[in-house]
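Just below is one structure, and these are the notes that go with it.
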Amino acid sequence: MADRSSIEWTEATWNPTTGCDRISAGCDNCYALTLSKRLKAMGSAKYQTDGDPRTSGPGFGVAIHEDVLDVPRRWRDPRVVFVNSMSDLFHARVPLSYVQRVFEVMQETPRHTYQVLTKRSARLAKVASKLDWPLNVWMGVSVEDASEVARVDDLRRVPAAVRFVSAEPLLGPLEGLNLAGIDWVIAGGESGPHCRPMNPAWVRALRNQCNELGTAFFFKQWGGRTPKAGGRELDGCEHSDMPLRSITPTIAQAALTA
């Protein structure tokens with residue numbers, strides 16, 4: 001949990017769970033896995049649960065943190081909040097009852113806007129009807145290459161006010177991607193010592209598709225050894241669009257009570 005975030009498309013992070021398991025190519029160089037190992041060595045209490053070494057690692061086992069559930073309630077000023085930057089809320093080892101409690105907090109704090117991102121779109125679609133979906137919750141799926149575009153089909157089944165796709169790290173062209181019903185697309189290259197290169201043609205194709213459909217497009221980074229090594233400009237300008245369908249928490253609350 002952090003009161004402020006350096007991620008370009010959000011303002012703060014909130015981690016009611018930590019830990020995960022790698023399930024697809026986009027996870028290969030997971031920053032959260034590497035950071036968790038470091039945090040465990042530093043003695044951080046939240047990162048003392050080890051995961052399966054085949055898919056996870058030291059400090060990166062899935063862990064529930066009930067003690068941070070109330071943190072957004074203590075934030076008086078409105079924030080855009082990335083939920084679980086160090087985990088996946090829809091991991092199979094996170095009980096549905098706990099996911100529901102996280103959603104209750106989000107519903108009860110309409111001054112904030114919450115961005116939830118998952119690679120486990122099948123479970124998301126399966127449990128979506130058992131969750132209350134307030135207007136201040138944006139739901140997204142990660143899609144790193146064409147083999148994972150079906151995650152977007154699962155996302156379309158979710159009654160979120162805003163649906164978004166994170167194509168980061170973008171590892172190949174997203175052929176077959178259907179953006180119908182999708183409000184926002186984030187794209188970005190991989191960063192870190194083992195980063196895989198991103199072809200500019202893949203990004204341009206995604207940007208052009210968004211432009212044709214009127215979908216908001218946010219280009220986060222080219223990537224490189226560090227996240228900001230390659231900058232954010234695409235064809236001479238930065239793309240920082242946010243969802244057109246997004247509304248302020250105050251308006252959302254008014255709509256809910258009308």
Side-chain angles (χ1 to χ4, degrees), residues 1-20 31-32 35-36 39 42-49 59-118 120 123-124 127-142 155 158-164 166 183-184 186 242-243 245-258:
M1 177 273 299
D3 196 7
R4 291 289 181 255
S5 173
S6 62
I7 300 172
E8 288 82 353
W9 44 264
T10 198
E11 295 176 347
T13 57
W14 173 46
N15 285 285
T17 73
T18 55
C20 200
Y31 75 90
L35 180 57
S36 293
L39 289 170
M42 294 169 59
S44 176
K46 290 179 67 174
Y47 298 93
Q48 297 303 312
T49 302
F60 204 51
V62 175
I64 304 298
H65 303 289
E66 296 191 24
D67 58 314
V68 302
L69 273 176
D70 283 337
V71 167
R73 292 189 172 104
R74 298 198 292 267
W75 289 338
R76 297 183 63 182
D77 295 331
R79 289 165 169 78
V80 179
V81 184
F82 179 21
V83 180
N84 276 357
S85 62
M86 298 293 290
S87 185
D88 189 327
L89 186 62
F90 291 92
H91 192 289
R93 293 183 61 191
V94 179
L96 174 59
S97 59
Y98 191 75
V99 177
Q100 290 170 329
R101 292 177 66 189
V102 171
F103 269 69
E104 288 171 4
V105 173
M106 295 191 291
Q107 186 173 43
E108 293 168 9
T109 52
R111 61 188 176 278
H112 304 314
T113 298
Y114 295 93
Q115 301 160 318
V116 185
L117 185 60
T118 185
R120 291 162 172 82
R123 189 186 186 209
L124 164 66
V127 305
S129 63
K130 299 176 182 178
L131 302 171
D132 292 325
W133 290 88
L135 295 178
N136 61 328
V137 173
W138 302 1
M139 189 68 231
V141 294
S142 296
L155 179 61
V158 175
V162 171
R163 303 182 189 93
F164 69 98
S166 174
D183 304 289
W184 190 32
I186 304 166
M242 299 297 280
R245 289 176 57 193
S246 64
I247 52 182
T248 66
T250 300
I251 297 174
Q253 181 63 19
L256 285 170
T257 58

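Excluded from the calculations below are hydrogen atoms, water molecules and symmetry mates; all remaining heavy atoms, backbone and side chain alike, are included. This one's a predicted model, so the numbers in the text were calculated from it and none came from an experiment. In this chain, numbering begins with 1 at the start of the sequence shown.
For the pair Gln48 and Gly43, the tightest heavy-atom approach, listed with the atom from each and the gap, is NE2-C, 3.6 Å. Nearest heavy atom pair, residue Thr49 against residue Ala63, reads OG1-CB, 4.0 Å. Across all their heavy atoms, Lys130 and Gln100 have their closest contact at O-NE2, 3.0 Å.
Looking at Arg163, its side chain does come within 3.5 Å of a backbone N or O of Val158 through a donor-acceptor pair. Checked by atom type and distance alone, the side chain of Ser5 pairs as donor or acceptor with a backbone atom of Ile7 at under 3.5 Å. Side-chain atoms of Arg79 come within 3.5 Å of backbone N or O of Asp77 as a donor-acceptor pair. A donor-acceptor contact shorter than 3.5 Å links the side chain of Gln115 to the backbone of Trp9.
Atoms CG and CG, on Leu89 and Leu117 in that order, are 11.0 Å from each other to the nearest 0.5 Å. To the nearest 0.5 Å, the span separating OH on Tyr47 from CZ on Phe60 amounts to 8.5 Å. Note that CG of Leu135 and CD of Gln107 are 9.5 Å apart. Values are rounded to the nearest 0.5 Å.
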- Query: Would Asp88 and Thr118 count as a side-chain hydrogen bond (donor to acceptor under 3.5 Å, both in side chains) if you check the C-alpha gap in whole Å, the side-chain angles of each, and the deciding distance to 0.1 Å?
  - Reply: CA-CA 6 Å; Asp88 189 327; Thr118 185; 2.7 Å; yes

Evaluate the criterion side chain to side chain contact (heavy atoms under 4.5 Å, CB included) for residue pair Leu39 and Lys46; output intermediate values, then yes/no.
CA-CA 8 Å; Leu39 289 170; Lys46 290 179 67 174; over 6 Å; no

| said: Does Met242 form a side chain to side chain contact (heavy atoms under 4.5 Å, CB included) with Val162? I'd like the steps, not just the answer. | reply: CA-CA 11 Å; Met242 299 297 280; Val162 171; over 6 Å; no

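Looking at heavy atoms from C-beta onward, Ser36 lies in side-chain contact with Met86 at the 4.5 angstrom threshold. Counting heavy atoms from C-beta outward, Phe164 and Val141 have side chains that stay 4.5 Å or more apart. Using a 4.5 Å heavy-atom cutoff, the side chains of Tyr98 and Glu66 are in contact. At a threshold of 4.5 Å between non-hydrogen side-chain atoms, the residues Ile64 and Arg101 do not count as touching. Arg120 places a side-chain heavy atom less than 4.5 Å from the side chain of Cys20.
No option in Trp133, Trp184, Tyr114 other than Trp184 meets the ring-ring contact (aromatic ring centres under 6.0 Å, His included) test with Trp138. Applying side chain to side chain contact (heavy atoms under 4.5 Å, CB included) to Met106 and the options Val81, Val116, Thr113, Leu131 leaves one that passes, Val116. Put simply, the residue from Val137, Thr17, Leu69 that forms a side chain to side chain contact (heavy atoms under 4.5 Å, CB included) with Val102 is Leu69.
In the displayed structure, Asp132 atom CG is contacted under 6.0 Å by at most 12 heavy atoms of other residues, nucleotides or ligands.
At a cut-off of 3.5 Å, with distance as the only test, a side-chain donor of His65 or Thr18 sits close to an acceptor on the other residue. A side-chain N or O of Ser85 and one of Asn15 form a donor-acceptor pair less than 3.5 Å apart.
Relative orientation of the His112 and Trp75 rings is perpendicular, given thresholds of 30° and 60° on the angle between their planes. Using bins of under 30°, 30° to 60° and over 60° for the plane-to-plane angle, the ring pair Phe103/Phe90 lands in the perpendicular bin.
Using a 4.0 Å cut-off between charged side-chain N and carboxylate O, Glu108 and Arg73 make a salt bridge.
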